[in-house]
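All values derive from a computational prediction rather than experimental measurement.
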Amino acid sequence: MRKIFLSLLLMGAFATVANAQKEFANIELPMNRAEDLVTVADESGNVCIYFYQNGRVNIALLSPNGERLAQHEIPYRFSQEPQILGTRVTDEEFVFYSRYTNGRREYVRPFAVNRRTGAFRSMQDEQLQVERNTEFLGGFGNDEHFYMLYTDRDNNLHLYRDNDEEVARLEHRVFKPNLPRTRDRYAREEDLIYVSDDIEHNVFTGHHRSKIYIRDGKIYMIFDGFDLKGSEKNKATTEILALDWETGETEYRTLPALDQRNSPTFNSFLFQDKLFRVNMEKDEFKLTAFDFNTLKPIKEYTYSGDEEIAIKSTPVQQRGAKAIFSPDKTVIEKTSKVMKSLADGVPAITVDAFSDSTLQLTIGSYKAPAERSGMDDRSRMVRTPDRYVRTSRGLMMVPGRWTPAYNIPSYYLNSPYYSRYFYDPYGQGGGFSSGPGTSTYFRSVLSADNLTKVNEAEAQVLQEKIEHFEEELKPEPEFKTVYRYGDKLHYGYYDRKARTFRIMEFAHGQEEPKEQKQP
């Protein structure tokens with residue numbers, strides 16, 4: 001499964017007056033690949049930091065006050081890097097789960113870190129009885145259980161869950177959901193992401209159209225806007241599939257269908273007992289909240305044409321690769337452009353809460369970067385082939401030369417026969433992303449009771465504070481990590497020069513700190 005869960009990194013040097021934050025902790029970490037960092041926090045306030053490097057597992061444990069309780073560097077299993085699939089927080093330990101394959105055999109390799117002492121414990125591998133012709137979809141978990149999900153050719157779902165008595169032993173259930181077929185086979189499975197409490201609330205995580213949630217011991221899989229065989233033309237819906245581990249039964253429900261032609265126009269997000277669905281067209285915006293138990297609508301906002309979207313608590317912002325020399329972040333002020341810009345991409349929505357009185361919504365769209373093949377880039381440099389010429393002195397080589405690809409006729413470059421004569425290191429690697437993609441979004445703060453917009457003076461968005469802090473860090477951060485910490489957000493960044501990992505704490509009602517330089 002995609003490494004959708006929780007990893008981002010950042011470099012910085014100043015804490016400024018403009019943002020309400022304080023440093024929670026700083027710890028020396030000899031990291032080279034900061035993107036491998038994993039952080040887990042428990043309800044007591046302990047934070048476990050993990051990364052793998054040079055054949056060793058690196059573990060650090062921080063107290064609720066940010067003090068270092070323990071730090072280890074442990075050789076790991078013949079230098080075989082554990083690919084972390086998910087984590088659990090038990091009464092005594094932080095448990096990390098990784099997957100190991102050996103031919104057709106598949107294993108789960110858990111290891112644990114004591115929440116109070118930081119002691120490391122490796123556990124016995126657990127071999128999974130995986131049936132043939134099954135495909136691994138991903139691993140995920142919460143404080144209660146860890147799961148691994150597979151599918152087979154008959155679209156059955158194979159779910160593995162750790163035992164109540166032993167965290168390293170997984171039990172197996174097979175679910176046979178009677179789902180309608182999608183027009184593109186395995187379309188639902190290709191975009192799965194697990195929504196945990198620690199997921200970062202932005203349009204990148206929210207734009208995925210297949211989401212997994214854990215509620216009251218049940219697994220809920222929610223799919224948005226997929227073309228179904230046999231359905232009415234130009235119609236799509238939100239599908240809800242529930243997997244009950246205790247009974248082995250499934251339940252399939254749908255929301256009312258919406259008009260949709262080619263590209264996705266709506267998406268949803270489950271938060272507590274409410275399912276929020278946003279539908280965005282170039283000339284219409286609709287946000288509907290449904291009661292998740294009955295699927296009856298309880299609140300709806302609709303705006304059309306050049307009408308102002310009144311539930312906005314922040315301006316509409318756009319981030320991502322744009323034209324050359326243009327800023328990475330722009331604010332869309334013209335009402336006539338707001339809906340068109342929001343509809344340019346896959347719709348996205350996330351919902352979060354840091355108090356009992358308000359909900360913080362991030363609404364917008366994400367446009368993935370264009371896949372660009374080097375073979376299509378006519379400005380790239382290619383090396384013409386070496387030539388051998390027969391002379392009176394024998395065979396002489398005339399070396400090739402570097403020249404722009406547009407100097408070579410396209411029927412030579414694109415020909416499977418002639419193209420092999422050109423040395424083209426950039427054109428043979430296949431497609432690759434040309435940028436980070438474009439995020440267009442705004443945030444809205446609603447009352448948790450009646451879903452009405454909260455007063456501007458009371459609307460504090462922690463994610464906005466983090467983004468402002470990030471913009472002021474110089475040089476621009478290359479990676480960061482954001483995770484939930486009780487009713488706060490923790491933002492970690494790595495100072496490569498000092499080889500120090502720093503964690504900043506953001507909360508509602510924080511006092512404005514004086515400007516100070518970080519040590």
State whether Lys218 and Glu251 are salt-bridged, where the test is any N-O pair (Lys NZ or Arg NE/NH1/NH2 against Asp/Glu carboxylate O) under 4.0 Å.
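A salt bridge is absent here (no side-chain N lies under 4.0 Å from a carboxylate O).
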Considering only NZ, NE, NH1 and NH2 on the basic side and carboxylate oxygens on the acidic side, decide whether Asp143 and Arg88 come within less than 4.0 Å.
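Between Arg88 and Asp143 there is no salt bridge, as every charged N stays at least 4.0 Å from the carboxylate O atoms.
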Aromatic Phe266 / basic Arg277 pairing, under 6.0 angstrom, 45° off normal
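Yes - Arg277 lies over the ring of Phe266, closer than 6.0 Å to its centre and within 45° of its axis.
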Cation-pi check for Phe204 against Arg319: NZ or CZ below 6.0 Å from the six-membered ring centre and within 45 degrees of the axis, yes or no?
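Here Arg319 fails the 6.0 Å and 45° test against Phe204.
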Do Phe111 and Phe96 make the cut of ring centroids closer than 6.0 angstrom?
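Yes: the rings meet the under 6.0 Å criterion.
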Ring-ring centroid check Tyr213 Tyr220, cutoff 6.0 Å:
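Centroid distance Tyr213-Tyr220: not below 6.0 Å, so no.
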Is the backbone of Val113 close enough, under 3.5 Å, to the side chain of Glu93 for a donor and an acceptor to pair up by distance?
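Flag not set: sc Glu93 to bb Val113 has no pair under 3.5 Å.
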Return the orientation label for the Tyr303 and Tyr301 ring planes: parallel under 30°, perpendicular over 60°, tilted otherwise.
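Rings of Tyr303 and Tyr301: parallel, as their planes differ by under 30°.
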Check: [Y] and [X] side chains under 4.5 Å, non-hydrogen atoms:
X	Y	value
Phe94	Asp42	yes
Phe175	Thr151	no
Lys211	Asp191	no

Which heavy-atom pair separates Leu170 from Met148 by the least distance, and what is that distance?
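Closest approach of Leu170 to Met148: CD2-SD, 4.0 Å.
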Is the number of heavy atoms from other residues, nucleotides or ligands within 6.0 Å of CG (Asn293) greater than 12?
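For Asn293, atom CG is crowded (more than 12 foreign heavy atoms under 6.0 Å).
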